Protein chains: 2
Amino acid sequence: MDSPEGPPPQRLRTLPSRLTNQAAQTANRIVDQALAQAGVRRYHYALLAALEEYGPASQAALGRRTGIDRSDMVATVNDLAERQLLERAPDPEDRRRNIVTITAAGRRQLADLDRLIAAAQDEFLAPLPAADRQNLIDLLTRLVGHHGDKRN
Amino acid sequence: MDSPEGPPPQRLRTLPSRLTNQAAQTANRIVDQALAQAGVRRYHYALLAALEEYGPASQAALGRRTGIDRSDMVATVNDLAERQLLERAPDPEDRRRNIVTITAAGRRQLADLDRLIAAAQDEFLAPLPAADRQNLIDLLTRLVGHHGDKRN
DNA sequence: AGAAAATGTTGGCACAACCAACGTTGGCTT
DNA sequence: AAGCCAACGTTGGTTGTGCCAACATTTTCT
């Protein structure tokens with residue numbers, strides 16, 4: 001024990017932005033690991049979820065709803081199309097667009113992912129009793145709500 | 001208004017891991033922007049803060065305290081050494097180590113950064129009254145405390 | 001008709017967070 | 001004392017996320 005090897009500096013330990021970050025990292029580690037069991041990443045889940053809830057849509061619309069950039073959406077759709085979890089077809093009514101539609105296999109995959117995700121949330125929130133979980137959700141919702149979609 | 005252009009899917013909107021992520025993104029955007037005014041990134045701030053609070057230390061020890069990987073620490077120390085905000089000298093008592101020491105200029109820079117960071121926190125937490133802020137900090141602290149340092 | 005906007009796509013960038021490998025050096029065991 | 005193992009700094013990767021710019025095509029607005 002040369003130097004006491006103290007833990008994180010004061011300044012960082014209670015810094016809200018840093019705490020939020022570390023929590024997010026933890027959450028991501030857990031969620032990514034869960035999704036990896038199905039060979040999928042977060043973008044894939046978000047896209048499938050958006051597709052199932054809103055029905056077929058253009059890539060641009062899906063991007064707006066999921067917060068995925070247009071350019072990243074291309075790759076994400078490519079991935080899922082390869083696995084036949086969705087279909088990409090040109091929109092006859094607007095030839096700029098592709099209409100993306102979830103397949104039956106996609107729906108099945110999504111159901112699996114839902115289960116994995118739910119388990120991951122539970123692991124993430126393990127230290128908090130139900131009341132506190134809701135509390136956290138409320139606080140975070142207010143935060144992200146206030147700062148809105150400032151993607152610049 | 002072709003398609004209603006609805007906002008994020010249900011599944012994603014209240015997903016704790018996603019909320020945490022979005023909050024973290026917001027925080028990072030604000031903090032990064034603040035730090036950029038001083039030409040600095042988060043790693044730089046963390047390193048300077050650790051140095052000032054614990055005094056001179058080896059890169060490895062600093063890495064443990066800040067959560068920065070050894071290899072990334074090299075680059076971070078390089079950056080700050082170039083700007084003469086810290087000094088890197090071989091440890092005479094253990095020739096494997098470098099002893100990193102903050103300079104007077106480093107301390108001055110850190111003071112500036114502290115102000116920038118504080119303002120950023122305030123902007124980040126703007127929608128929450130003081131009581132809720134503490135509440136959030138507590139919840140997050142419990143979360144990250146429970147999941148510990150599992151960097152695996 | 002002509003200007004402006006939207007769409008998909010390619011290609012790039014930055015950053016955080018990792019990991020593996022290596023040579024050097026130190027400590028520990030036997 | 002020798003030998004092994006651990007720690008250290010360093011180099012050089014990789015991955016995922018979130019961006020942004022540019023472009024051709026197509027649609028919409030004026």
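Proteins come first, then strands; the chains are lettered A, B, ... in the order of their sequence lines, and each starts at number 1. Treat the numbers as computed from the prediction; the structure is a model and nothing was measured.
- The local environment of CD in A:Glu52 is crowded, with over 12 non-hydrogen atoms from other residues, nucleotides or ligands closer than 6.0 Å.
- For the pair A:Arg95 and D:dT26, the criterion of a side-chain N or O lying under 4.0 Å from OP1 or OP2 is met.
- Between the CG atom in B:Asn21 and the CG atom in A:Asn21 there is a gap of 9.0 Å [rounded to 0.5 Å].
- Rounded to whole angstrom, the span from the CG atom of A:Leu62 across to the P atom of C:dT9 amounts to 12 Å.
- Between B:Arg70 and D:dC8, a side-chain N or O to OP1/OP2 separation shorter than 4.0 Å is absent.
- Between B:Asn28 and D:dT17 there is no side-chain polar atom (N or O) within less than 4.0 angstrom of OP1 or OP2.
- Other residues, nucleotides and ligands contribute more than 12 heavy atoms inside 6.0 Å of the CD atom of A:Gln134.
- The side chain of A:Ser71 lies closest to D:dC19, out of C:dC15, D:dT25, D:dC19.
- Atom CZ of A:Arg29 is separated from atom P of C:dA17 by 13 Å (rounded to the nearest Å).
- Minimum atom distance to the side chain of B:Val74 is reached by D:dT10, of the listed D:dC19, D:dT10, D:dG18.
- Separating the CZ atom in A:Arg18 from the CG atom in B:Asn28 is a distance of 10.5 Å, to the nearest 0.5 Å.
- A:Leu47 places its CG atom 15 Å from the C1' atom of C:dG8, with the value rounded to the nearest Å.
- Taking atom CD1 of A:Ile68 as the reference point, atom C1' of D:dC19 lies 14 Å away to the nearest angstrom.
- Rounded to whole angstrom, the span from the CZ atom of B:Arg96 across to the C1' atom of C:dC22 amounts to 15 Å.
- In this structure, the CG atom of B:Asp91 is 12 Å from the C1' atom of C:dT25, given to the nearest Å.
- Contacts of A:Asp69 with the nucleic acid, taken as non-hydrogen atoms under 4.0 Å apart, include base atoms.
- Counting non-hydrogen atoms of other residues, nucleotides and ligands closer than 6.0 Å to CD of A:Glu53 gives a total above 12.
- Residue B:Asn98 contributes atom CG, which lies 12 Å from atom P of D:dC8 at whole-angstrom precision.
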Please walk me through it: do B:Arg42 and B:Asp32 pass salt bridge (Lys or Arg N to Asp or Glu O under 4.0 Å)? CA-CA 7 Å; B:Arg42 292 206 290 287; B:Asp32 290 351; 2.4 Å; yes
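- Within 4.0 Å of B:Asp32, counting heavy atoms only, lies no atom of the nucleic acid at all.
- Taking only side-chain nitrogens and oxygens, B:Arg88 comes nearer than 4.0 Å to OP1 or OP2 of D:dT10.
- Take the nearest nucleotide of DNA chain D for B:Ser58 and for A:Arg41: the residue whose nucleotide is more 5' is B:Ser58.
- In this structure, A:Glu93 atom CD and C:dT7 atom P are separated by 15 Å, rounded to whole Å.
- For A:Asp94, whose side chain is taken as the heavy atoms from C-beta onward, the closest listed nucleotide among D:dG9, C:dG26, D:dT27 is D:dT27.
- The side chain of A:Arg42 lies closest to D:dG16, out of D:dG16, C:dG26, D:dG9.
- In terms of position along DNA chain C, the nucleotide closest to A:Ala57 lies nearer the 5' end than the nucleotide closest to the other residue of the pair A:Ala57 and A:Asn21.
- A:Gln25 has no side-chain polar atom (N or O) that falls below the 4.0 Å cut-off from OP1 or OP2 of C:dA16.
- Here C:dG8 is the nucleotide among D:dA6, C:dG8, D:dC19 with the atom lying nearest to any side-chain atom of A:Gln59.
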